[in-house]
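Input: a single structure, listed below in structure tokens.
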Amino acid sequence: MSDPNTADLHHGEIANLEDLIDRESLREVCRSFFDLFGLSIRVFSARGSLLANVHEERSLCRYVNSLGEGRIACAAIVEEVQGIVPEATTVVHPCFSGAVYHVVPIIYDDRRLGRIVIGPFIPSDVKAPPEAMLQIDPKVDPGRARAALLEMPRVRPATAERIAAHLRGVLDLILFSGHRAHLTSAMHLATVRENYRELAERNARLQEAYDKLKELDRLKSNFLATVSHELRTPLTSIIGYSEMLQTGIAGDLSEEQAGFVETIRTKGELLLSLITSLLDLNKLERGQLNIELEMVDPRAILAEVRETYHPEAERKGIRLEVYCGDDTPYMQADPVRLRQILINLAGNAIKFTPSGGRVDLEAMAVETSFHDEELDDGFGAALMMAPEPAIEFRVRDNGIGIAEDQAERIFDAFYQVDGGSTREFGGAGLGLSIAKNLVEAHHGAIHIESELGHGTTFIVTIPQAPPDPD
Ligand SMILES: Nc1ncnc2c1ncn2[C@@H]1O[C@H](COP(=O)(O)OP(=O)(O)O)[C@@H](O)[C@H]1O
Ligand SMILES: [Mg+2]
């Protein structure tokens, strides 16, 4: 057995005449020979199937077939002719009627693919019905036999040879182009098959890599959850004991001791908030963070955020203001998470704004269409939902700004524009990633407008009420 993947390539070996030749063009060639020379032509494949058949019943044949014995003898001749398989050259087969058949081999690439049967016709030197014809049936009428014979096509043997050679030449051409087409399609098939095999292999490798990555991701998540949890417990003790020391429970502290304890506590709190962020992000990425909706007053949330950052803004000499109309409606949101989003954004705004700058916190009612990814038609034309009421929060600063090419990446976990060992600002690069995940958990969207050196505005849009689950 040959390898099924390469078998097609070996089909340079010609299999069958019927596979190589277009029957329609073969028939057409035979028909034009018939029209030109008036000779019946039949083409058989090596297996004996009739591929083309252009003929006309001749008067002589009709006459023979009208006689009982004649019909039997004629059928025998036809059978004999069909059984002839010429080796290399034309076989001339005579009929009792004086007519002959030429059986011409079709040879291509040293292989016998079939044969052409030309005739019956009368060789030009036969002028009268032979004895055999007159004896074929008791009812033969010599006069009618002679008349019928004279109506037959009459060809000189040399001419018959030339016609056969011609026909073979034309057939050769058809075969050649058929062979070429056959080869081309075989090659094409083999190439397609090979490409497909490669693709399937690559797919399998990709799937493997993907599975591995997924497993790694799961391990990472588990690891993160465990480590964070294990770190949190001792940290809470460190912070708790520092606070106790500060309250004087264990006796008065010298000014230097108080300073050290304060550092332990603030650094401990920083570490705790970092660990909390990691845990949050982990939960968000695994879809394990639950959003608990209630009616929330956007104004109140902004006021709380301002409250949180008021001391720090004051220390840095930054004006921190809330702008929110009295008529701003309540919304359905998780107040803890909404506050967390805005705290992250406001914290950044203050961190990345030099002293003397300003940070504005705004909220207003808007009508917005949220882009539903599941309805995206995949051609870039996003299908928009009908506009719905939403609350738009803006956190605007006139700080250092963000370059356009960074604007998408800053939402990636751990990404920081000036990341590296010489960082000027603190943080771990998790805040925006968490904020974005939380906004999306509220079915909202977050955008950024920024100009390097002039300031940044983060725009968070959250539906006033969550969409129906269906
Ligand atoms: N208001 C802003 N102005 C300028 N750059 C900002 C602002 N907010 C965020 N960035 C950039 O995006 C990065 C990622 O922000 P974030 O995820 O909150 O991480 P972190 O604050 O811990 O650095 C920041 O490091 C900073 O480079
Ligand atoms: Mg931040």
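As the structure is a prediction and not an experimental result, all values here were calculated from the model. One-based numbering along the sequence shown. Counting starts at 1 for both ligands and their atoms, following the listed order.
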Checklist entry - Is the Mg ion (ligand 2) less than 2.8 Å from at least one N/O/S atom of Asn348? => result yes
Next on the checklist: If we only consider heavy atoms of Gly399, is any one of them less than 4.0 Å away from an atom in ligand 1?
Outcome noted: no
Item to check | Glu201, CD atom: more than 12 neighbouring heavy atoms under 6.0 Å | outcome: yes
Checklist entry - Does CZ belonging to Arg286 count more than 12 external heavy atoms closer than 6.0 Å? => result yes
Item to check | Neighbour count above 12 (heavy atom, 6.0 Å) for Lys316 NZ | outcome: yes
Checklist entry - Can you check whether Glu243 reaches Glu269 side chain to side chain, under 4.5 Å on heavy atoms? => result yes
Item to check | Numbered atoms and elements of ligand 1 in range of Gly401, under 4.0 angstrom, heavy atoms | outcome: 4 (C)
Checklist entry - Is Phe458 in contact with ligand 1, taking contact as a heavy-atom separation below 4.0 Å? => result yes
Item to check | Residue portion contacting ligand 1 (non-hydrogen atoms closer than 4.0 Å) for Ala428 | outcome: backbone
Item to check | Structural part of Val417 in contact with ligand 1, heavy atom criterion under 4.0 angstrom | outcome: both
Checklist entry - Roughly how far, to the nearest 0.5 Å, is the CZ atom of Arg396 from the OG1 atom of Thr456? => result 11.5 Å
Next on the checklist: Only heavy atoms of Tyr415, strictly under 4.0 Å: list the atoms of ligand 1 that pass.
Outcome noted: 13 (C), 14 (C)
Next on the checklist: I'd like to know if Asn344 contacts ligand 1, where contact means a heavy-atom distance under 4.0 Å to any ligand atom.
Outcome noted: no
Item to check | Region of Lys351 engaging ligand 1 - heavy atom pairs below 4.0 Å | outcome: side chain
Checklist entry - Hey, do the aromatic rings of His179 and Tyr108 have their centres closer than 6.0 Å? => result yes
Item to check | Part of Asp397 within contact of ligand 1 (heavy atoms, under 4.0 Å) | outcome: side chain
Checklist outcome for this item: Quick note on ligand 1: atoms under 4.0 Å from a heavy atom of Ile402 include exactly 4 (C), 5 (N), 6 (C), 7 (C), 10 (N)
Checklist entry - Can you check salt bridge (charged side-chain N to carboxylate O under 4.0 Å, His left out) on Asp217 and Lys220, steps first, answer last? => result CA-CA 5 Å; Asp217 195 55; Lys220 181 209 78 177; 3.7 Å; yes
Next on the checklist: Out of all atoms in ligand 1, which are within 4.0 Å of some heavy atom of Leu432? Include the element for each.
Outcome noted: 9 (C), 12 (O), 14 (C), 15 (O), 16 (P), 17 (O), 18 (O)
Item to check | Heavy-atom neighbours of Glu292 CD exceed 12 at 6.0 Å | outcome: no
